[in-house]
Amino acid sequence: MARFLGSALPALLLACSLWSGSGGELGAQTQAPDGYYIFGGSAIEQGRAVAVMPGGRGYAIAGDIRESEKDDWDIIVIRLDGNFRQTWQRRIGGPGEDHAWGLTGTDDGGVVVSGATSSFGADGNDILVVKLGPDGAEAWKRLLGGPGDQGRGSVVALPGNGLLVAGWSRSGERGDFKAARLAADG
């Protein structure tokens, strides 16, 4: 397994940085002979985060997608099995801008994606944290907000099934580091 991860992980990381094009749904293809994976279609996509699932049960990648230069960004999450085959994908977004910045796998085979949103908060930008179950269905969604703008949430799973989320917060002209501990159920 370690040898496999050592040789395949660079390809996965490069795939995360090379996304291009879609149409709502992303397809997966392998470019031979180099073995890199490209996920994309006719929309505009950009990869931002990659996670190895606990117990070596595959991978997850996340980024942003929009249909054209005039549209707002949404978050896209793709779950891959241990052979880099897509098992599901999920688009998360609303009427504003939504960007993925962090991703972690969960013990149940799901993922938690974090980022910034102007779609779901009261006003301005908030840190968005969304738990997707093993089948890609949304289990819960949390906003970490406050006065001013918040953004660029990163997430990591903690021992005991908790989560640590970090980002930034700006009230007035000051910017501060913001961190929160969440239970596994949000």
Nearest-0.5 Å distance that lies between atom CD1 in Ile44 and atom CG in Asp64: 11.5 Å
Single-linkage hydrophobic cluster, 4.5 Å side-chain cutoff, Leu128 and Leu144 together: no
Salt bridge Glu67-Lys70, side-chain N to carboxylate O under 4.0 Å: no
Residue pair Ala100 / Gly63: nearest heavy atoms and the distance that separates them: CB-O, 3.7 Å
Test item: Lys131 and Asp108 side chains (from C-beta on) under 4.5 Å apart, heavy atoms: yes
Pairwise distance NE2(His99) to OG(Ser118) - rounded to 0.5 angstrom: 7.5 Å
Co-membership, hydrophobic cluster, residues Ile92 and Leu103, 4.5 Å side-chain: yes
Distance, nearest 0.5 Å, that separates CG of Asn125 from CZ of Phe120: 12.5 Å
Non-hydrogen atoms of Pro95 and Asp72 that approach each other most closely: O-OD2, 2.7 Å
Gly110 versus Met53, closest heavy-atom pair with distance: O-CE, 3.0 Å
Side chain Trp73, main chain Gly93, donor-acceptor under 3.5 Å: no
Selection residues 76-88 - residue pairs positive for salt bridge (Lys or Arg N to Asp or Glu O under 4.0 Å), sequence neighbours left out: Asp81-Arg85
Candidate pair Asp98 and Thr117, rule side-chain hydrogen bond (donor to acceptor under 3.5 Å, both in side chains), full reasoning: CA-CA 4 Å; Asp98 304 293; Thr117 183; 2.4 Å; yes
Distance in Å, Ile61 CD1 paired with Phe84 CZ, rounded so as to fall on 0.5 Å steps: 9.5 Å
Arg57 side chain vs Asp107 backbone, donor-acceptor pair below 3.5 Å: yes
Separation between CG of Asp185 and CG of Leu163, rounded to the nearest 0.5 Å: 9.5 Å
Sole candidate of Val77, Leu182, Val129 that passes side-chain contact (heavy atoms from CB on, under 4.5 Å) when paired with Val112: Val129
For Ala62 against Val113, the heavy-atom pair lying closest together: CB-CG2, 4.2 Å
Least distance between heavy atoms, Gly105 atom then Ala51 atom: N-CB, 4.1 Å
CD1-CD distance between Ile76 and Glu45, expressed to the nearest 0.5 angstrom: 7.5 Å
Hydrophobic cluster identity match, Val50 and Ile78, side-chain contacts under 4.5 Å: yes
Residue pair Glu138 / Leu132, side-chain heavy-atom distance below 4.5 Å: yes
Cluster overlap Val130 with Trp88, hydrophobic side-chain contacts below 4.5 Å: yes
hydrophobic_cluster_shared for Trp101 and Val156, side chain cutoff 4.5 Å: no
Side-chain donor or acceptor of Trp140 paired with backbone N/O of Ala184 under 3.5 Å: yes
